[in-house]
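Notes for the one structure printed next.
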Amino acid sequence: GAEIGMDIPGWDDEAGKTAWLEDPMWQGTREAVETIMGCTDYLEQYFAINLVFEPLVGELFRSGFLMQFGAANNDFMTPSVIAAAEGDYERNLANAIDLIWLLANDEKFGAQNRTLFQSWV
C-alpha cells in the first residue's frame with residue numbers, strides 16, 4: 001500500500017483506482033488517456049498530450065480544481081506542487097509548439113505534415 005496509508009487511519013489505497021476504473025465521471029478522461037498512451041507514434045502522443053489533452057483537461061484539473069480546492073481547504077502544499085507542474089507544462093507546451101510549427105512549415109513535407117496533424121485532431 002501507499003506510505004500515506006501508514007499515517008492516516010482508514011486510508012483506502014484502492015479508492016482512487018476504483019474511481020478511475022469504474023466511476024462514470026472519469027470514463028471520458030480515462031478513455032482519452034488510454035487512447036493517447038495506446039498510440040504507437042510517439043509524435044502523435046506528444047502532439048495529443050501537449051496540444052490537445054493538457055490544454056483541455058490537464059489545465060482545467062490542475063488550475064480549476066486542485067489549485068482552487070486545495071487552498072480553500074487549508075491545503076497550501078498542493079498548490080505549491082501544482083505550480084511547479086504548471087511550469088513543466090508551460091515548457092513542454094512551448095517545445096511542442098516550436099516542433100509542430102517547424103514540421104508544419106517544412107519546405108518539402110509541410111503540407112503532408114499539416115494533413116497528418118489535422119487527422120490526429
Side-chain angles (χ1 to χ4, degrees):
E3 289 182 25
I4 195 169
M6 296 187 313
D7 296 327
I8 301 174
W11 181 264
D12 182 0
D13 283 343
E14 294 297 313
K17 180 179 179 181
T18 300
W20 180 251
L21 293 173
E22 299 174 13
D23 190 326
M25 178 180 75
W26 288 107
Q27 297 316 296
T29 303
R30 180 176 161 222
E31 180 182 357
V33 169
E34 290 175 353
T35 299
I36 291 167
M37 298 313 294
C39 291
T40 56
D41 183 326
Y42 294 124
L43 182 60
E44 184 176 1
Q45 277 187 353
Y46 190 72
F47 180 98
I49 290 167
N50 289 295
L51 300 177
V52 180
F53 185 84
E54 280 292 330
L56 293 175
V57 179
E59 174 68 21
L60 178 64
F61 183 70
R62 283 190 307 274
S63 295
F65 180 74
L66 295 176
M67 295 282 277
Q68 298 299 317
F69 287 102
N73 288 286
N74 296 318
D75 172 4
F76 299 103
M77 189 60 112
T78 297
S80 299
V81 172
I82 297 303
E86 289 287 328
D88 290 341
Y89 169 64
E90 292 299 327
R91 278 190 302 280
N92 289 340
L93 177 61
N95 292 336
I97 290 169
D98 288 347
L99 174 61
I100 298 303
W101 188 90
L102 286 171
L103 295 172
N105 292 287
D106 181 80
E107 206 172 293
K108 187 172 181 182
F109 297 105
Q112 187 177 359
N113 290 337
R114 287 189 299 276
T115 299
L116 178 63
F117 300 154
Q118 187 61 44
S119 75
W120 292 344
V121 179

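No path of Ile, Leu, Val, Met, Phe, Trp and Tyr side chains, each step under 4.5 Å between heavy atoms, connects Val33 with Tyr42, placing them in separate hydrophobic clusters. Side-chain heavy atoms closer than 4.5 Å link hydrophobic residues (I, L, V, M, F, W, Y) into clusters, and following such links, possibly through other members, connects Phe61 to Leu51. Taking hydrophobic clusters as Ile, Leu, Val, Met, Phe, Trp and Tyr residues chained together by side-chain heavy-atom distances below 4.5 Å, Leu43 does not share a cluster with Leu102. Under a hydrophobic clustering in which Ile, Leu, Val, Met, Phe, Trp and Tyr are joined whenever their side-chain heavy atoms come within less than 4.5 Å, directly or via other members, Ile49 and Val121 fall into the same cluster. Linking ILVMFWY residues whenever their side-chain heavy atoms come closer than 4.5 Å, directly or via other members, places Leu99 and Ile97 in the same cluster.
Classified by interplanar angle (parallel below 30°, tilted 30° to 60°, perpendicular above 60°), the ring pair Trp120/Phe47 is perpendicular.
Using a 4.5 Å cut-off on side-chain heavy atoms (C-beta onward), Asn113 and Ile100 make no contact.
Identified under the salt bridge (Lys or Arg N to Asp or Glu O under 4.0 Å) test for residues 62-71, with sequence neighbours left out: Glu54-Arg62, Glu59-Arg62, Arg62-Glu86.
To the nearest 0.5 Å, atoms OG (Ser80) and CE (Met67) are separated by 8.0 Å. With rounding to the nearest 0.5 Å, the separation of CD1 in Ile82 from CE in Met77 is 12.0 Å. The structure places CD of Glu44 at 10.0 Å from OG1 of Thr35, a figure rounded to the nearest 0.5 Å.
Counting only distance, with no hydrogens or angles, the side chain of Tyr89 and the backbone of Asn50 share a donor-acceptor pair below 3.5 Å. A donor-acceptor pair is defined here as one N or O able to donate and one able to accept, closer than 3.5 Å; such a pair exists between the side chain of Gln27 and the backbone of Asp23.
Between Tyr46 and Asn95 the shortest heavy-atom distance is OH-CB, 3.4 Å. Contact record, Ile36 with Phe53: CD1-CB, 3.8 Å, taken as the closest heavy-atom pair.
When the shell of 6.0 Å around CD of Glu31 is examined, it contains 12 or fewer heavy atoms from other residues, nucleotides or ligands.
Taking the side chain to side chain donor-acceptor pair (under 3.5 Å) definition, one finds that Asp88 meets it with Arg91, sequence neighbours left out.
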